[in-house]
Structures are given as C-alpha cells and as structure tokens.
Amino acid sequence: MQDPETQEEIFLSVVIPVFNEEDNLLELHARLSATLDRYGRSWEVVYVDDGSRDRSWDILAKLHQVDPRVRLVRFNRNYGQHMAIFAGFERVRGQVVVTLDADLQNPPEDVPKLLDKMGEGYDVVGGWRQRRRDSALRRWPSWVVNKLTSRVVGVDLKDYGCMLRAYDRNVVEAMKSCNETSSFIPALANTFARNVAEIPVGHAERTGGESKYGLLKLIRLNFDLMTGFSVLPIQFVSLMGMLIALVGLAFGLFLFIRRLVVGPEVEGVFTLFAILFVFVGIQILGVGLLGEYVGRIYREVRNRPRYVISETRD
Ligand code: UDP
Ligand code: MG
C-alpha cells in the first residue's frame, strides 16, 4: 500500500472505467487532480480502458507520461463498466477507494465530500443524485430498481445506480475475493459493509460522447442485479403461480356451478382468452427466470476469466 517512490502510504485511490470517452478525459483529469491536490492527501488514479475504440487510450497514455499518479489498465475488448471497476480494484493501493464515471455527469469536485463522510467512521459512502439529469424513461425504472435492491440487499439506499462512491479498503478486499462473473458493485459492497451512508452529490447532463447504456443493456444489468443477489424473483414467481392456480380452480368451480344453475351458454369466451394470456405470460416469465439462474450457474461452472488485460502501466 506504499508509494514505491516516496515510501508514503497512499490515502486515496480513484478508479475510473473508460469506454470511448475521448471528449471527456482531459477535462476530467484536470478537474480531478485540481480537486484532490486542494484536498491535500496523497492520491492516485487508476483508469481502466474498457476496450475503447476511439482515442481514449492514447489520451490516457499521455496523461500517464506527464503525471506519475496516473496508473492504467487496458482490456483487450469491452467487458462492461463493473468488470472494469473490478480490474481497477485489483491494482489500488489507497486506504480509501473512490469510483467515479469518466463522463463528468458526477462532478469530481464532490469527491472530498465523500472522503469527509468516510472520516466520520463509515465504510461505504454512496452518492445520491438528488437532481438527476436523465430522461424520465431512465429515472422511473431506476426508482423501482432502487426499492427492490434495497429490499434484496437489506440496506436502504435512494440511489444504487450512482457510481460516485467511496469504499474502505477492507470492503474492496472482500469484493475482490468474490469471483462471480458478473456483479453489481454498489449492491455487492453493501453486503460487506458495516455502516453505510448516503450523501447528495451533483449530477449534470452528459456533454461529451454518448451514454453507453441502451435500454437493452440496462434491462440486462438489472436482471443480473436481481438474480445475482437473491432467489427472491423466482420465489415470487412460484408464489404467483400458486395463487393463480387457486384462482383458476375457484373460477372453474364457479363456471361448473353456473352451468348447473343457468344451463349451457357460450358467452365469456374472450374473458377466458384474457385469463389464458395472463397465465401464459407468467409461465414464460417463470421459465425465463429459471433460465437466468441456470445461465448464471453455467457461467460460474465454466469458470472462465472474467476479463483479459492486454496492458498495464504503473
Ligand atoms: N463504461 C465502461 N464500459 C461500458 C459502459 C460504460 O467502462 O461498457 C463507463 C463509461 O465510460 C463511463 C461509465 O462507465 O465512465 C458510465 O457509463 P455511462 O455514462 O454511459 O452510463 P450512464 O451515465 O448513462 O448510466
Ligand atoms: Mg453517465
């Protein structure tokens, strides 16, 4: 955990995943280093290039040349934001580890706020995007996911999606020892943390580049999150199945008695169709969920490396 040149303990490591962020990197690094220099504790930053296809790596390599506090990891292709952060965790030396997006949506100027809060004795401090500058289409699903995740993980947070977060080194070490192929870092951290705090941080619209998350990628991430942390979804589906079967039974009984009392009739065929659709939908969902778990087990059993690093620079 010591800086090889100065033999000093490093206080802070910042981990930043980078995927096609050529427009943001220079401003990001300038603002980050200005902020941290003002804060006055020793620091380093680990940029993880998640298989960028633009000039991001060249820019990072230049930053590394001029600034000894910059350390680099490069993936051979795109493995996703959370894998990139894991790779960064493998190399951190600081006592406190902060994760930050490269897109400047969360201002680097907010990092000291997290550090101050850590100083009060918390081992995880999350940022909470109080005024989130994303479309409603992005915010509403997030609200649902935050509620669900809070229940599943057992730690009530307003914003699990915000990646501006600080972790005690011990929590990072615990996360590193989890060799799961996919993991949602803020949720994983909370399963190891003793006390967690959440403080409001700024959020700006993306100015350079574009969001790397389309709707599909977002749905997949959230599926991962739900099935990765509990068997609750599958239990919920089973419960629904039981309830629906009971309702169906009662409905059949009702139809039978009605047949005896009123006599034969053909009305209501379409009601039956409607009900059938509900059943079929839930069945397919159940099968899909099962598939998700089986797929996860398959991935873990194969035990392939989670990512391949093509280059590192210290
Ligand atoms: N990112 C990454 N790999 C990916 C997607 C994103 O390393 O496959 C990085 C990206 O460069 C950024 C952060 O993760 O630093 C968040 O991505 P983005 O801003 O696109 O997500 P959003 O803010 O839309 O949730
Ligand atoms: Mg963003």
Side-chain angles (χ1 to χ4, degrees), residues 14-29 31-32 45-60 63 70-91 97-108 110-111 126-146 149 158-165 181-187 201-225 306-312:
V14 183
V15 174
I16 304 183
V18 175
F19 181 49
N20 296 342
E21 303 281 4
E22 59 182 6
D23 296 336
N24 300 316
L25 287 173
L26 287 178
E27 185 188 342
L28 170 73
H29 190 71
R31 282 170 58 183
L32 183 70
V45 53
V46 182
Y47 289 102
V48 185
D49 179 4
D50 186 14
S52 298
R53 282 178 291 268
D54 63 358
R55 291 183 300 118
S56 293
W57 176 256
D58 303 331
I59 296 171
L60 290 175
L63 283 177
V70 172
R71 305 171 67 207
L72 305 180
V73 179
R74 187 183 199 180
F75 282 172
N76 66 340
R77 47 153 279 211
N78 180 246
Y79 291 95
Q81 180 186 5
H82 292 259
M83 281 307 117
I85 295 174
F86 267 113
F89 282 171
E90 293 291 340
R91 310 192 67 75
V97 180
V98 164
T99 58
L100 174 68
D101 283 351
D103 61 359
L104 291 169
Q105 284 193 274
N106 285 124
D110 278 348
V111 171
W128 155 44
R129 295 165 289 185
Q130 210 169 10
R131 264 191 228 105
R132 194 169 163 183
R133 299 301 167 103
D134 282 318
S135 63
L137 206 70
R138 208 35 226 282
R139 287 201 313 264
W140 278 102
S142 291
W143 186 82
V144 176
V145 169
N146 282 323
T149 314
K158 294 187 194 71
D159 193 353
Y160 267 95
C162 181
M163 293 310 283
L164 176 53
R165 311 181 87 83
T181 46
S182 59
S183 238
F184 193 81
I185 288 170
V201 292
H203 195 240
E205 256 170 76
R206 214 183 219 284
T207 46
E210 53 189 22
S211 172
K212 309 301 181 292
Y213 284 101
L215 189 60
L216 200 67
K217 204 165 169 183
L218 219 65
I219 291 175
R220 282 180 50 198
L221 185 73
N222 287 327
F223 244 75
D224 232 34
L225 175 62
R306 295 187 291 173
Y307 46 77
V308 177
I309 292 174
S310 61
E311 196 174 342
T312 61

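We're numbering straight along the sequence, starting at 1. Whatever order the structure lists ligands and atoms in, that order sets their numbers, starting from 1.
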For [atom], grab the closest protein heavy atom and report residue, atom and distance to one decimal in Å.
{"atom": "atom 19 (O) of ligand 1", "result": "D103 OD2, 2.4 Å"}
{"atom": "atom 4 (C) of ligand 1", "result": "D50 OD2, 3.4 Å"}
{"atom": "atom 5 (C) of ligand 1", "result": "K212 CB, 3.4 Å"}
{"atom": "atom 25 (O) of ligand 1", "result": "R138 NH2, 3.1 Å"}
{"atom": "atom 23 (O) of ligand 1", "result": "Q105 OE1, 2.9 Å"}
{"atom": "atom 21 (O) of ligand 1", "result": "Y213 CD1, 3.3 Å"}
{"atom": "atom 9 (C) of ligand 1", "result": "P17 O, 3.8 Å"}

Where does N78 meet ligand 1, judged by heavy-atom distances below 4.0 Å: at the side chain, the backbone, both, or neither?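 Side chain only; the backbone of N78 stays clear of ligand 1.
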Quick check: does S211 put an N/O/S atom under 2.8 Å from the Mg ion (ligand 2)? no
Can you tell me if an N/O/S atom from D101 lies under 2.8 Å from the Mg ion (ligand 2)?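 Checking D101: none of its N, O or S atoms is under 2.8 Å.
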Quick check for you: to the nearest 0.5 Å, what is the distance between E21 atom CD and L60 atom CG? 10.5 Å
Distance from R306 atom CZ to Y79 atom OH, nearest 0.5 Å? 12.0 Å
So between [options], whose heavy atom ends up nearest [atom]?
{"atom": "atom 22 (P) of ligand 1", "options": "S211, C162, G80", "result": "S211"}
{"atom": "atom 10 (C) of ligand 1", "options": "E21, Q81, E210", "result": "E21"}
{"atom": "atom 18 (P) of ligand 1", "options": "H203, R132, R206", "result": "R206"}

For a quick test of reading the model, state the closest non-hydrogen atom pair linking [X] to [Y] and the distance between them.
{"X": "I85", "Y": "P17", "value": "CG1-CG, 4.0 Å"}
{"X": "H82", "Y": "M163", "value": "CE1-CE, 3.9 Å"}
{"X": "V201", "Y": "C162", "value": "CG2-SG, 4.1 Å"}
{"X": "G208", "Y": "D23", "value": "CA-CB, 4.0 Å"}
{"X": "R77", "Y": "D50", "value": "O-OD1, 3.6 Å"}

So, are R206 and E210 salt-bridged, with charged N and O less than 4.0 Å apart?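 Salt bridge flag = no for E210 with R206.
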Out of F89, F86, F75, which one pairs with Y307 under the ring-ring contact (aromatic ring centres under 6.0 Å, His included) rule? F75
With respect to D101, determine whether any N or O atom, backbone or side chain, lies less than 3.5 Å from an N or O atom of ligand 1. no
For ligand 1, is there an N or O atom under 3.5 Å from any N or O atom of A102?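 Yes: some nitrogen or oxygen of A102 is under 3.5 Å from one in ligand 1.
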With a 3.5 Å cut-off and no angle check, do the side chains of T149 and N146 form a donor-acceptor pair?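 No donor-acceptor contact under 3.5 Å links the two side chains.
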Between D101 and N106, is any side-chain donor less than 3.5 angstrom from a side-chain acceptor?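 Judged by distance alone, the side chains do not pair up.
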Give the name of the N/O/S atom in D103 that lies closest to the Mg ion (ligand 2). OD2
Element-labelled atoms of ligand 1 that are located less than 4.0 Å from some non-hydrogen atom of V18: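 Every atom of ligand 1 under 4.0 Å from some heavy atom of V18: 7 (O), 11 (O).
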Does ligand 1 have any atom sitting under 4.0 Å from a heavy atom of M163? no
